[in-house]
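This report concerns only the one structure given below.
What you see below is based on every heavy atom in this structure, not just the backbone, and it leaves out hydrogens, waters and symmetry mates. Indexing begins at 1, ligand by ligand and atom by atom, following the structure's order. It should be emphasised that the depicted structure is a prediction, and the values quoted were computed from it without experimental measurement.
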Amino acid sequence: MGTVFSGRVMEPIDLPARYNASTTFIDANLRAGRGGKAAVVCGAEELTYARVAALVSQVGNALKGLGVRMEERVMLLLPDSPEFVAAFFGAIRLGAVPVPVNTMLRPYDYEYLLNDSRATALIVSEPLYARIEPVRANLKFLRHLMFVSKEGGTPRGAIDYRACVRDESPDLTPADTSVDDACFWLYSSGTTGFPKGAVHLQHDMACCAERYARGVLGIHEQDRMFSVSKLFFAYGLGNALYFPFYVGATTILHPGPPAPLAVYEIATRQQPTLLFSVPTGYAALLAVPDAEKTYSLRSVRLCVSAGEALPKVIYERWREKWGIEILDGIGSTEVLHIFISNRPGRVRPGASGEVVPGYEAKIVDETDRPVGQGDVGELLVKGDSICALYWNKHQKTKETIAGEWIRTGDKYLKDADGFYWYQGRSDDMLKVGGMWVSPIEVEATLASHPAVLECGVIGTSDTGELVKPKAFVVLNPGFTPSAALAEELKVFVKEKLAPYKYPCWIEFIQALPKTATGKIQRFKLRELDRTRIHNETTDERG
Ligand code: 3UK
């Protein structure tokens, strides 16, 4: 069993009809004799493939013992850690469906995610439990809360993860799932409405690992992957979990925040061969003065960037400083990983690159007809890793997935050499540090402040060409614009929403540009903003 690759890139990945993804990423490594090899390195901890395999089955058995059944969702609110790895594949092995979620959200967000997914179990780490505690009474379907702590001491009504897993058998036969069964979900946000659960199938990870990771990055057993982007993000999940496990390589996990010094320190000590981050992550690393005197990236053969467009200047400065190429590529939660990418030795700085073999792309106009070469249109993609649907969102599913094709919501043009150039979003969504920010959510939060009459939020570039949110605010009578009030509004948003969503700049104006029907014209705010100069602001987003 496992993955038999045909060798011909345009053929579908050859997987059996009865297939559980845990066999490809866990069992195949034991069969290949890698039981004693390091699979996961996390701080001082090192876990072999044999140890990971045992933990995976133990978690699967523990969930089974609690009564978790096939197809039931198991939410993971965990930092990058061995527990994440074991819980993710443990749930899959049982035929249950892990749902990793962003660790930076607010209690209200988790209430929505837990109720929407109807997860019956939640595995949460001690420091993140404070985000769940306030909404526990509102969770309609959650039956088991597994609490991961170093010292023990479990909250009331929760189960001690370690104690529960420790005594389980290290053997669990993989559930008899079909290659098209649900495997895991990932949530993605849109401009309006709640996040959408993208349902990924058992074959999706093998597809991305083969097409992009092996096909473009040429990953192999000797690689050591280090992803600054976390495992809860579709990008990080591939980079640091199912890519390395596909070829029996080693992943280097960092549970803490991706502070640039920590990243350099780990890269120097743990000798990764592949480094993955987002453009803001590379900008933050470049901003460290004299880094090359203290740190070394000698082990790194390739760097990868995704999540938002990589500005040409960052590519060039990075190559100048470290002598390493950054391969920019575009991926999405719905497609699971990267489908258009630059190739080693063939980078076109500023472009997203060429179509990854195994995928197809087309750029179309409003009537869905292909545009002429060099013209801008919407990008559609076809490939075997696209999610099956958005959970309980039939209309959104139909608007996004058109048969074998998926609408990315991105505007692109293709040049004469087949390189794709990003031209912005079709909607008003912003990517900040690789993470989605809905202008509408930020506007609604700002509008709940007593000083604010109304407001409009757009993305604008700092000097490094990276986009951050900016708010245009119309004040209520009796309030006057001031730097102090601007600061107060920023703090107000930061406390209510995930911190990366707050507006970096606030500009007070007399009135917002609106349509006849009263809709904010964000494109007019963008035009107005082009006449402004912004000073670089540093904050925790880097
Ligand atoms: C934007 C990019 C320009 C684009 C992701 C790699 O970002 C990922 O998934 P998301 O669902 O967002 C998808 C959207 O983000 N985008 C991503 N990469 C680029 N825009 N250049 C890029 N290189 O709007 C896209 O539609 O959060 C990235 C792998 C897996 C992923 N899920």
Mind checking ring pair (Phe, Tyr, Trp, His ring centres under 6.0 Å) for Phe419 and listing every partner two or more places apart, or none if nothing turns up? none

Compare every heavy atom of Pro100 with every heavy atom of Phe84, then report the nearest pair and how far apart it is.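 Closest pair (atom of Phe84, atom of Pro100, distance): CZ-CB, 3.7 Å.
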
Please list the nearest protein heavy atom to atom 15 (O) of ligand 1 with its residue and the distance rounded to 0.1 Å.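 Protein heavy atom at minimum distance: Lys431 NZ, 2.9 Å.
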
For the backbone of Glu325 and the side chain of Trp318, can you confirm whether one donor and one acceptor N or O come within less than 3.5 Å of each other?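 Side chain of Trp318 to backbone of Glu325, a donor-acceptor pair under 3.5 Å: no, none is there.
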
If I apply the N/O under 3.5 Å rule, does [X] come out as touching ligand 1?
X	answer
Ala309	yes
Thr333	yes
Phe233	no
Ala234	no

At under 4.0 Å between heavy atoms, is it the side chain or the backbone of [X] that contacts ligand 1, or both, or neither?
X	value
Asp410	side chain
Met435	neither
Glu308	backbone

Does any donor atom in the side chain of His337 or Asn239 lie under 3.5 Å from an acceptor atom in the other side chain?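 His337 vs Asn239: donor-acceptor pair found between side chains.
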
Do Phe226 and Phe276 have their ring centres less than 6.0 Å from each other? no

Under a heavy-atom criterion of less than 4.0 Å, does Gly409 contact ligand 1? no

Apply salt bridge (charged side-chain N to carboxylate O under 4.0 Å, His left out) to Lys396 and list each qualifying residue two or more places apart in sequence or on a separate chain.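 Salt bridge (charged side-chain N to carboxylate O under 4.0 Å, His left out) check on Lys396 returns nothing, list empty.
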
Lys NZ or Arg CZ of Arg73 over Trp391 ring: under 6.0 Å, within 45°: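 Pair Arg73/Trp391 counts as cation-pi.
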
Just which atoms of ligand 1 are under 4.0 Å from any heavy atom in Asp328? 22 (C), 23 (N)

Under 4.0 Å from a heavy atom of Leu336: give me the atoms of ligand 1 that qualify, with their elements.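 It comes down to these atoms of ligand 1: 30 (C).
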
